[in-house]
Amino acid sequence: MTGTPPVSTAPRPGATARVLTVLRSPWVRWGFLVLALALAVYAVVAVREDLADAAAALSGVRIAGAALLAVAFVGCTLLSWRAVLTDLGSRLDRRAAVTVFGISQLGKYVPGGVWNVVAAAEVGADHGVPRRRTATATAVATGVGVVSGAVVGVLALPFVAAGALDDWAWALWLLPAVVVLLLPPVLNRLLAAALRLARRPALEHPLSWGGLGAAAGWAAAGWMLAGVQVWLLATGLGMAGDVRTLALAVGGYALAWMVGFLVVVVPAGAGARELVLLAVLTGALPHAEVLLVVLVSRVLVTLADLFLAGLGALLRRPAGVRFAPLAPRAWLRWDTVRRTLPARRSTVLEIGCGQGAVGMRIAARHDYTAVELDVDSWALAAPRVAMVSAEARVLHGDLSALPAAERFDVVCAFEVIEHLDDDAGALRSWAARVRPGGELVLSTPADPERFGPWDTLAGHYRRYEPARLAALLEDAGLVDVRVRRYDAPLGFLLEAVRDRVARRQVPASGTVPPSGQVPASDPGAALSGERTEVDDALATATAGSGRRLQPRSRLVGSAIAVGIWPFLLLQRALPRHGTGLVARGRRPASVDAGDMPDGAPGAGSGAAPPDQGSSGP
């Protein structure tokens, strides 16, 4: 049975939305990163012979000092960008700012001139900053850099070699007009007009005098540091070390950067900036030495960008946190779930978090809350999640442990629904915990005919057809329901291994009917509060399901993470195949909290500890 997912009733996305979806896919993001990194490295390797000449002509102290100045220059650019982003309403701490800005700098080395903006928006979304705001901040900070560079460059024109000022005198008349562009009343109107033309919402927080002043101050400091770097290198090759040549180096670098910014068809303005700087310094140094200075300066700034990008990648993971290892199928599930969760920072409730391996990963990006019934699993999950986020909550119990009125942007339940007798009641209870407009995301085993020994051992009542699961979500009041399969092709092998292991542990008599559809408990017993033998046996099996076949050492976990990587890519190409289902549904924004039933008492509260993150190899 192919198990084709039900067709969503939501309108088809437009061309822009489809393009954005492609740009946000992991394949494109990783491909972009690899391409940008390769181009940046090539920019260094291509001039390796000139670097060897520089190493022979310049002292190690000067080169080291110039390298530190390059890092400081990139750092000032980061602080200017952060000041604009803070002024727009999103204040990132230093760690997150380095991560977003550092990784985005690689985009400068991809032809087109906009890829650093795209990269900043995508990485910023991982830190809860709206993409539009990050893109606006990056564009404004770039504009601040251009304007401040123009000011610094024009002020340095009188120090250019004799005769050059006559050709550039007209630029002095543009200085007042350029400075006016930085005034908040003017810049806010320009941004508002641009957003209207792009049919985008207006800025939530207009730019202020203080915010733009801080950004311009950091940008100007950056031009000073970059100019000092050029001056330090040039004086080491024979240029006079006086105030005139220092002003020439500072202004020349700022002008060269402006020209490089306008030439968008080459990565990071490569070549164009060197030509301008070469023209400005002509007369102060012989041609060969000037060429060497500009090439060494370019390489050092490129290395500073790479350093900041590497630091950003290292800081992307919470400080001091080592995520708990995942079993192979849990990796396959998490790869699918991760791309289902919102990109922006959201409030997330996980029902039945097991031992917290997946919860740690969610807590790293979202405001996380979890409930877990099994005391042993809860005792391990709580400290694990606390390592990632001190604000995260992992509560021992069911939904009754939470305030009755609390709602979440996303409610998750991974490998839980199959453990519950009243699955429809549980879904209604979970959906009632979703805020209007939010989503319910769950995973569960697929196909009743595949019910086997592992399902019995794990305490499953049933497995699901995609259409049946979609109908249950719709009956719970959710809309835009989507169901997809995951884990093909590896999941079929993993399931066979789990069943083989389970056959050795399941009692020969068996408690669960071999059909895989456990009969519901006797209605009379349910009304009287009695439990059947099936209920007790499944509850016992469920309690330990989340602890079976877990990776026990980090070495094993690391080996699994490396070995599973090709299969993560394969399953994305096979969304209609696999032994598991991931479903999502949206709660209508117009529905009030009291309009959706909470389900039968205990239906949603009996969230069994899942075998998520570990259910088998």
Side-chain angles (χ1 to χ4, degrees), residues 5-6 8-10 128 333 336-353 358-359 361-363 365-373 391-395 397-420 422-444 464 466 468-484 581-608 610 612:
S8 171
T9 57
R333 184 185 312 120
T336 304
V337 168
R338 177 180 60 83
R339 293 179 286 117
T340 303
L341 295 175
R344 69 182 187 283
R345 194 168 190 87
S346 306
T347 57
V348 177
L349 168 65
E350 185 181 3
I351 299 171
C353 66
V358 169
R361 290 163 169 83
I362 299 176
R365 296 186 176 184
H366 299 282
D367 299 327
Y368 179 76
T369 300
V371 292
E372 173 56 51
L373 272 177
E391 292 76 27
R393 297 177 294 169
V394 180
L395 307 178
D398 53 30
L399 288 180
S400 62
L402 296 169
E406 189 168 8
R407 299 293 181 268
F408 299 85
D409 296 325
V410 182
V411 173
C412 301
F414 307 128
E415 310 301 285
V416 173
I417 191 69
E418 67 274 9
H419 290 273
L420 303 180
D422 184 9
D423 53 354
L427 283 172
R428 289 195 299 270
S429 179
W430 298 348
R433 287 287 182 167
V434 180
R435 68 162 179 79
E439 291 187 334
L440 175 66
V441 180
L442 62 86
S443 69
T444 188
Y464 291 87
R468 170 60 178 158
L469 184 60
L472 285 171
L473 291 171
E474 292 169 350
D475 289 344
L478 301 174
V479 298
D480 298 336
V481 174
R482 299 174 184 269
V483 180
R484 62 154 293 167
L581 303 175
V582 171
R584 65 190 295 186
R586 180 176 57 83
R587 181 174 178 178
S590 60
V591 176
D592 295 328
D595 291 342
M596 297 181 68
D598 287 339
S605 304
Q612 66 84 17

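- Judged by distance alone, with hydrogens and angles left aside, the side-chain atoms of R587 form a donor-acceptor pair with the main-chain N or O of V434 at under 3.5 Å.
- Counting heavy atoms from C-beta on, the side chains of L349 and W430 never come closer than 4.5 Å.
- When every heavy atom of A426 is checked against every heavy atom of I417, the shortest pair comes out as CB-CD1, 4.1 Å.
- Contact between G352 and V416 at its shortest, heavy atoms only, is O-CG2, 4.2 Å.
- Going from atom CG of D475 over to atom CG of D423 covers 10.5 Å, rounded to the nearest 0.5 Å.
- To the nearest 0.5 Å, the span separating CG on L440 from CG on L427 amounts to 6.5 Å.
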### Query
Given V348 and D409, is the side chain to side chain contact (heavy atoms under 4.5 Å, CB included) satisfied, shown in steps?
CA-CA 6 Å; V348 177; D409 296 325; 6.0 Å; no

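- Within the 4.5 Å cutoff, the side chain of L402 has heavy atoms near those of the F408 side chain.
- Between A431 and A476, the shortest heavy-atom distance links the atoms CB-O, 3.8 Å.
- Two residues are said to be in side-chain contact when any heavy atoms from C-beta on lie closer than 4.5 Å; C353 and V394 meet this criterion.
- In this structure, L473 and L442 have side chains that are in contact, with non-hydrogen atoms separated by less than 4.5 Å.
- Shortest non-hydrogen contact noted between A392 and A363 is CB-CB, 4.4 Å.
- Residues S429 and L399 have side chains in contact (heavy-atom distance under 4.5 Å, counting atoms from C-beta outward).
- Side-chain atoms of R433 come within 3.5 Å of backbone atoms of E406 as a donor-acceptor pair (strictly under, hydrogens ignored).
- Of all non-hydrogen atoms in L472 and A424, the two that sit nearest each other are CD2-CB, 4.1 Å.
- Heavy atoms only, all atoms of each residue included: S443 and E415 are closest at OG-OE2, 2.7 Å.
- Side-chain contact, D367 with T347: no donor N or O sits under 3.5 Å from an acceptor N or O.
- Ionic pairing of R584 and E439 is present here: one or more N-O contacts between side-chain nitrogen and carboxylate oxygen are shorter than 4.0 angstrom.
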### Query
Would V441 and V410 satisfy side chain to side chain contact (heavy atoms under 4.5 Å, CB included), going step by step from the backbone distance to the final call?
CA-CA 7 Å; V441 180; V410 182; 4.1 Å; yes

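- Put simply, the side chain of V483 does not reach to within 4.5 Å of the side chain of V582, judged on heavy atoms.
- Between R393 and E350 there is no salt bridge, since no side-chain N of the basic residue sits under 4.0 Å from a carboxylate O of the acidic one.
- We find the CG-CD distance between D480 and E474 to be 9.5 Å, quoted to the nearest 0.5 Å.
- Side-chain contact check for Y464 and E418: no donor-acceptor pair (N or O, by modelled atom type) lies under 3.5 Å.
- Side-chain atoms of R484 do not come within 3.5 Å of backbone N or O of L581 as any donor-acceptor pair.
- Using modelled atom types, no side-chain atom of R365 and backbone atom of S346 make a donor-acceptor pair closer than 3.5 Å.
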